[in-house]
2 protein chains.
Amino acid sequence: MTLQPLYPRATWQRTAIMSALENAGTFMSAQDLYERLRSEGARVGLTTVYRTLQSLNDRGEIDVLHVAGKEAAYRRCGTPVHHHHLVCRSCGRAEELESAAVEEWARESAQSHGFTAVTHTVEIYGLCGACASGGD
Amino acid sequence: MTLQPLYPRATWQRTAIMSALENAGTFMSAQDLYERLRSEGARVGLTTVYRTLQSLNDRGEIDVLHVAGKEAAYRRCGTPVHHHHLVCRSCGRAEELESAAVEEWARESAQSHGFTAVTHTVEIYGLCGACASGGD
DNA sequence: ATTGGTTTTGACAATCGTTTTCATCTAAGC
DNA sequence: GCTTAGATGAAAACGATTGTCAAAACCAAT
Ligand SMILES: [Zn+2]
Ligand SMILES: [Zn+2]
Ligand SMILES: [Zn+2]
Ligand SMILES: [Zn+2]
């Protein structure tokens with residue numbers, strides 16, 4: 001029997017993007033990552049960064065956040081289970097949050113109104129301690 | 001003493017946009033409203049629709065929803081107090097939701113992590129009964 | 001190692017929602 | 001009515017993201 005090919009293929013770009021995001025720990029946009037990678041000498045294309053982030057998100061390996069007028073921001077989270085975020089508006093730092101009560105409320109609200117195929121978005125935004133004091 | 005000027009000025013465009021949204025009851029994008037107004041014979045410009053929705057939102061008279069890859073959607077809600085939405089992904093119909101528990105959870109989570117200037121977004125998406133059965 | 005079929009890359013163009021421009025129009029106050 | 005600052009809208013500009021496609025990289029099988 002012949003081996004199945006590996007998807008997606010292991011390219012150094014994919015690895016570089018993933019580890020840059022992992023190192024950052026914060027939410028970062030495709031452009032942020034692109035600039036950081038270039039400044040470190042990695043010669044990746046912006047298109048590739050977009051594509052890779054999208055594919056990682058499709059596979060559930062990273063989380064994405066869509067804020068009003070801003071670029072989509074991605075983060076490599078510590079847990080693969082469903083959770084939400086407390087995000088610093090200024091630096092992108094994030095805490096992972098879980099709440100059985102909120103999940104229950106969402107499910108119950110939808111059900112009692114006859115809605116099906118339910119999903120939800122729950123995000124909290126603020127200024128982290130560091131940014132509130134000096135940083136900004 | 002001279003009277004203060006009225007802002008924003010009362011134009012028929014502003015009135016038409018506001019009442020079209022009020023009638024709809026659902027979340028609608030600028031383009032949706034533009035098309036509906038034009039089809040009713042109202043000769044408004046798309047730019048004006050965008051500007052008016054933005055200004056109404058700034059004044060807190062309408063709510064806005066930003067869904068992943070879609071256009072911003074606006075809705076004239078029944079209450080001026082803080083609330084969230086249970087939105088039909090298909091037709092835009094929405095129920096207004098309130099939960100002291102969720103508000104408390106959000107505030108408490110932020111505080112315990114040292115975050116200030118806190119806001120949050122909480123939206124539930126699904127298929128309403130009508131859309132789930134026949135409509136789509 | 002070399003080959004060959006397939007996937008991935010990346011410079012560039014295209015898309016699409018939204019904002020800006022700016023000349024013209026108009027409501028509000030005299 | 002007259003004045004004028006605010007409002008309108010057609011068209012151009014914008015910015016994030018996606019599509020295109022030829023060249024480069026990968027990998028399983030020789
Ligand atoms: Zn911060
Ligand atoms: Zn949840
Ligand atoms: Zn529906
Ligand atoms: Zn709330």
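Residue numbers begin at 1 in each chain, while the letters A, B, ... track the order of the sequences. Every heavy atom of this structure was used, including side-chain atoms; hydrogens, water molecules and symmetry mates were not.
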What's A/Ala30 touching, base or sugar-phosphate or nothing? Going by heavy atoms closer than 4.0 Å. nothing
Shared ILVMFWY cluster between A/Leu21 and A/Tyr50, side chains joined below 4.5 angstrom? yes
Of residues 60-75 of chain B, the positions that come close to DNA chain D - non-hydrogen atoms, cut-off under 4.0 Å: none
Would you say the side-chain atoms of B/His84 and B/Glu96 include a donor-acceptor pair closer than 3.5 Å? no
Please tell me whether B/His120 and A/His85 form a close aromatic pair, meaning their ring centres lie under 6.0 Å apart. no
Counting primed atoms, P, OP1 and OP2 as sugar-phosphate and everything else as base, the B/S/- map of nucleotides 6-13 of chain C against protein heavy atoms under 4.0 Å is BBSBBBB-
Restricting to non-hydrogen atoms, name the atom on B/Leu56 and the atom on B/Met18 that form the minimum distance, rounded to 0.1 Å. CD1-SD, 3.6 Å
Is the phosphate of D/dT17, meaning OP1 or OP2, less than 4.0 Å from a side-chain N or O of A/Gln54? no
Are OP1 or OP2 of D/dT18 and a side-chain N or O of A/Tyr50 less than 4.0 angstrom apart? no
Does A/Glu35 pair with A/Arg38 as a salt bridge, N-O distance under 4.0 Å? no
Supply the atom-to-atom distance A/Leu33 CG to A/Thr52 OG1, rounded to the nearest 0.5 angstrom. 10.0 Å
Can you list the other members of the hydrophobic cluster that holds A/Val81, where links are side-chain heavy atoms under 4.5 angstrom apart? none
Pairing donors with acceptors under 3.5 angstrom, does anything connect the side chains of B/Arg14 and B/Thr48? no
